[in-house]
Amino acid sequence: MDATGKSKWIVGLAAAVLLIAFPLIIERLTSQYYLYLTVKIMIWALFATSFNLVLGYGGMMSFGHAAFYGAGAYCCALLLVKTACPVWAAALAGPAFAAAIGLVIGYFSVKIKGVFYFATLTLAFSQLFYILVFKWRSLTLGDDGIQGIPVPECISTLESYTNYYYFALVVTAICFYILRRIVQSPFGLILNTLRENAERSTFIGVNAQKHRLIAFVISAFFSGIAGVLLVFLETSLSPDVLKWSNSGEVILMGLLGGMHVFLGPTLGAAIMVLLNSFVTSYSEYWGLCLGLTLVLIVLFFPQGVGGLVHERLEARAKRKTA
Amino acid sequence: MELDWSIFFAQFISGLCRAMVLFLMASGLTLVFGVMRVINFAHGSFYMLGAYLAYSLTSLFATTPGSFWIALILAPLAVGLLGGLVEYLLLRRIYGKEHLLQILLTYALIFIFGDLVKMLWGVELRIVNMPPILSGFVALAGQEFPVYYFFIIGVGFAVAVGLWLLLRLTTLGKLVRAAAEHRSMVEMLGYNVNGLFTIVFMIATWLGGLAGVVIAPTVRLSLSMDMDIIIECFLVVIIGGLGNIWGALLAALITGELYSLGILVLEKYAMAFLFGLTAVIMILRPSGLLGRGVN
Amino acid sequence: MPILHIKGLKKAFRGVAAVAGVDLTVEDNQIYSVIGPNGAGKTTLFNLISGYHTCDRGHVYFKGQEITGLPPEKIVGIGIGRSFQVTSIFPGLTVLENIRSTVLVTGKKGFSLFSQASKLGTKDSEETLSLVELLDKRNEPAGVLSAGDRKKLELGIVLATKPKLLLLDEPTCGMSTAETGSTIQMIRKIAQEMSLTVLFTEHKMDMVFNVSSYISVMNFGTIIASGRPEEIRNNQQVQEVYFGGAYAS
């Protein structure tokens with residue numbers, strides 16, 4: 001193992017210890033709210049990382065990922081509230097349903113060449129899903145939302161977030177492990193070639209449509225898991241999870257943290273969730289803040305803030321070895 | 001089931017109305033794409049601004065008899081000027097860059113304009129009064145129709161003719177058509193492409209603002225009107241073929257009618273018909289009805 | 001059986017015929033070139049064979065099997081690899097990854113989700129890289145390579161698809177004379193070692209006549225002459241439309 005590999009292990013181990021010890025520290029120092037925020041960061045990090053499979057690795061500009069996040073959440077919540085479905089089954093049905101929605105939206109969106117079509121279609125179809133949930137009151141309760149979703153006692157957040165923190169941590173960690181394997185697999189490498197040069201990719205024998213669709217469905221599946229985690233955290237749900245702005249936030253997370261680094265979106269998620277909690281406690285203009293940040297990044301740091309840092313680090317590493 | 005023809009007819013007329021508003025919007029969207037190869041995600045925001053400006057102007061001139069007409073002239077102009085500013089200050093910096101950056105920039109404007117409108121006008125629903133002269137009803141084939149419907153249809157028709165004349169007869173129109181086909185050629189011939197882009201973007205946002213003013217007296221103005229319209233516009237330009245104005249007109253007519261007549265079948269979910277149609281078009285004719293396929 | 005057989009191939013763009021009825025037969029194990037002035041339809045012909053465009057009319061047979069209208073990824077799988085006039089590689093990936101991805105797709109491992117790409121196909125990739133003399137640059141991002149090296153990398157990518165027939169669209173376009181010479185030697189050597197058939201287009205005439213065993217001349221979308229280099233050199237018609245023009249060499 002070389003030096004960088006070793007230092008990576010050390011950093012990883014330190015992070016793991018910190019994450020495991022975190023609730024113990026928080027409980028002594030401050031309020032439960034920060035534990036809640038940390039779980040929120042995990043959920044968004046999972047959502048943003050699965051989204052990044054599509055944008056950062058596959059180069060597909062999905063502007064509709066909120067549909068999958070929301071599909072997972074709604075499917076799970078409705079099963080828990082309206083049926084006697086066991087919790088574990090509802091939790092699995094969520095991502096499965098999200099993947100199914102992903103298959104439908106993805107099927108049409110990957111069909112046509114041209115990035116603008118992809119962007120507009122994903123946005124339009126996700127908005128259709130939002131409208132359906134909004135209007136189908138008899139099933140979804142519309143904008144009243146679903147309240148009092150039953151959560152098993154062992155992960156209940158009524159008294160403390162500690163148990164749920166560990167649950168979310170384990171789920172997120174497993175998902176990250178799987179996503180990381182996928183990114184490093186032949187499938188992931190070929191997804192990269194599609195982003196880099198789809199024409200060349202086709203002429204080495206890649207079925208671009210099929211490959212993209214599979215990536216899209218996988219991404220929808222994991223976004224659905226993030227949605228399920230949200231349901232258990234909040235125990236209530238409104239159509240707001242499906243709002244187009246959520247798709248935008250997840251893009252911004254990738255941009256902020258760096259799309260070509262696996263943990264980039266996680267960094268972006270942490271920044272955004274903290275920034276959101278800060279901004280919304282002072283003003284009601286979170287959207288303005290989002291928009292301006294986006295404009296600044298597009299105009300001045302198109303590689304992403306995280307990407308920039310990463311590049312610097314790599315350049316330094318290179319200089320050292322040279 | 002027995003079909004009541006007069007209801008059918010009534011829905012047809014209201015569908016035509018809807019189609020014309022969609023055309024006003026989609027023509028701007030598709031014009032910008034045809035010339036600049038950029039999709040303006042914030043096109044709906046300019047529409048919303050037009051509507052809210054109409055609200056302010058009609059309230060400001062509430063005592064003046066022609067307040068609505070003042071708004072009809074001034075609001076789209078203001079929106080067009082803002083559009084020019086946006087093009088000059090922001091869009092100009094990202095032509096020729098990655099598509100993602102282009103889309104993200106206009107996407108960011110939805111957030112920004114959305115909150116600016118919220119800041120300036122608040123979250124309450126706003127109402128724009130109909131000008132007295134247009135607020136009556138006309139009887140036609142046994143049904144009563146608001147005069148305003150015919151006003152909207154008239155505006156849409158006038159804009160369609162105006163655009164046709166503009167594209168056919170003026171130098172600007174020729175440049176626009178040429179740029180849509182062979183962009184580099186226009187540059188080579190020494191025309192100021194930057195200026196052309198600014199003008200085209202101003203025209204497009206003017207159209208968006210106009211659509212906003214025209215729709216204002218028929219709806220309650222809300223902060224979600226930007227996204228509501230842009231989604232339908234996307235479907236219209238995809239069905240019609242991105243970059244093609246007459247495709248947008250045709251698609252607007254089809255979708256407007258499909259929606260209005262669809263209401264007779266599925267009251268709440270008529271929107272689903274539009275998506276169904278889009279899906280069918282994508283399978284049968286991916287480049288749109290009149291599109292040649294854009295990459 | 002000829003490796004490639006084309007019958008009555010036609011393609012028009014907006015009413016203008018780019019390929020207007022081409023018949024062509026390429027025998028196994030030779031270096032075959034298609035020449036002709038700009039706009040003669042050479043690239044379109046390549047695009048039709050490789051599935052980039054679908055033809056309006058006509059048939060393409062590869063080793064006796066009809067491949068007309070198949071999508072590019074299928075045609076690659078059958079054994080026709082191609083390069084582009086404007087070099088087409090994966091600029092953001094390393095040189096090794098460029099080849100490795102191709103090796104993995106060719107080995108039908110493209111949908112493998114949980115194995116580690118970096119541990120697969122390394123030997124095959126490195127063999128291909130040494131063929132195109134890029135082994136020492138394996139860890140560089142492909143985007144920073146020189147134009148000549150990019151062409152070589154693209155050739156490597158095409159070779160990694162394990163083709164029987166190589167379509168090379170101006171393989172030395174933009175190269176210096178020295179680079180051209182060495183690249184041609186390389187292509188010739190590889191073709192011989194791997195017993196490949198090469199079909200290519202080129203503007204550099206000395207090279208065409210030097211390396212080809214057979215030449216077809218295209219003009220206005222049709223083939224006006226075919227034959228061995230010396231036959232083409234002496235062909236009256238070819239001399240008129242081709243060498244009489246700006247390309248005299």
Side-chain angles (χ1 to χ4, degrees), chain A residues 55-56 59-61 63-64 104-105 107-109 111-132 134-137 198-199 243-245 247-249 251-252 254-255 259 283-300 302, chain B residues 29 33 37-39 41-42 45 89-90 93-94 97-119 123 223-224 226-228 230-235 237-238 242-243 267-269 271-272 274-276 278-279 281-283 286-288 293-295:
Chain A
L55 180 63
M60 292 175 266
M61 283 168 227
F63 280 75
V104 175
I105 296 184
Y107 174 79
F108 290 108
S109 307
K111 230 176 154 45
I112 312 177
K113 275 203 226 164
V115 288
F116 293 107
Y117 278 104
F118 196 88
T120 50
L121 280 173
T122 46
L123 177 59
F125 274 105
S126 77
Q127 200 67 6
L128 170 73
F129 193 66
Y130 171 68
I131 294 168
L132 280 179
F134 203 89
K135 288 195 173 171
W136 196 346
R137 294 193 74 92
E199 185 179 277
K243 265 192 95 167
W244 63 274
S245 52
S247 307
E249 289 197 30
I251 297 173
L252 191 49
L255 276 180
M259 293 186 299
S283 99
E284 48 181 329
Y285 300 115
W286 169 238
L288 190 64
C289 173
L290 268 181
L292 289 176
T293 315
L294 206 45
V295 169
L296 287 179
I297 290 183
V298 167
L299 293 185
F300 302 110
Chain B
L29 199 60
F33 183 80
R37 288 288 178 268
V38 172
I39 281 252
F41 270 53
S45 307
L89 292 178
L90 297 174
R93 296 159 152 256
I94 46 106
K97 293 233 178 107
E98 275 175 72
H99 293 306
L100 175 64
L101 297 179
Q102 300 176 347
I103 296 179
L104 281 176
L105 189 60
T106 63
Y107 185 74
L109 293 178
I110 311 178
F111 285 105
I112 295 174
F113 285 137
D115 264 9
L116 284 181
V117 170
K118 185 157 108 184
M119 222 178 248
V123 292
L223 291 169
S224 67
D226 52 350
M227 278 322 260
D228 293 345
I230 197 72
I231 298 301
E232 245 178 288
C233 280
F234 282 165
L235 299 185
V237 294
I238 287 172
L242 259 178
E267 195 196 334
K268 264 161 120 188
Y269 309 111
M271 195 71 175
L274 304 193
F275 282 90
T278 314
I281 291 283
M282 275 187 294
I283 291 169
S287 52
V294 205
N295 229 328

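Being a predicted model, the structure only gives us computed values, none of them experimental.
Considering CZ of Phe108(A) and CD1 of Ile238(B), their distance stands at 12.0 Å, rounded to 0.5 Å. With values rounded to the nearest 0.5 angstrom, Asp115(B) atom CG is found 9.0 Å from Leu292(A) atom CG. Put simply, CZ on Phe125(A) and CZ on Phe234(B) are 13.5 Å apart, with the number rounded to the nearest 0.5 Å. For the atom pair CG (Leu123(A)) and CD1 (Ile231(B)), the distance works out to 4.0 Å, reported to the nearest 0.5 Å. To the nearest 0.5 Å, the span separating CG on Leu104(B) from CG on Leu252(A) amounts to 8.5 Å. The CG atom of Leu101(B) sits 8.0 Å away from atom CG of Leu255(A), with the distance rounded to the nearest 0.5 Å.
Interface check for chain A: of the options Ile283(B), Ile112(B), Thr278(B), Leu105(B), the most heavy-atom pairs under 4.5 Å are formed by Ile112(B). Ranked by non-hydrogen atom pairs under 4.5 Å with chain B, the options Tyr107(A), Trp136(A), Phe63(A) are led by Phe63(A). Counting heavy-atom pairs closer than 4.5 Å to chain A, the top residue among Gln102(B), Lys118(B), Glu98(B), Met227(B) is Met227(B).
The heavy-atom pair separating Ala108(B) from Gly291(A) by the smallest distance is CB-O, 3.6 Å. Here the closest non-hydrogen pair linking Ala272(B) and Leu128(A) is CA-CD1, 4.3 Å. For Ser245(A) against Phe111(B), the heavy-atom pair with the smallest separation is CB-CE2, 3.7 Å. Looking at every heavy atom in both residues, Ala119(A) comes nearest to Phe41(B) through CB-CZ, 3.8 Å.
Evaluation of the side-chain hydrogen bond (donor to acceptor under 3.5 Å, both in side chains) test over residues 283-300 of chain A, restricted to residues two or more places apart or in two chains, returns Glu249(A)-Trp286(A).
Panel note: side chain Tyr107(B), backbone Gly248(A); a donor-acceptor pair is recorded below 3.5 Å.
In this structure, chain A has no heavy atom under 4.5 Å from any part of Val237(B). Both the backbone and the side chain of Leu100(B) come within contact range of chain A, with heavy atoms under 4.5 Å apart. Both the backbone and the side chain of Leu288(A) have a heavy atom closer than 4.5 Å to some heavy atom of chain B. Contact of Lys111(A) with chain B is made through the side chain alone, with heavy-atom distances under 4.5 Å.
Under the salt bridge (charged side-chain N to carboxylate O under 4.0 Å, His left out) criterion, Arg93(B) pairs with no residue, sequence neighbours left out.
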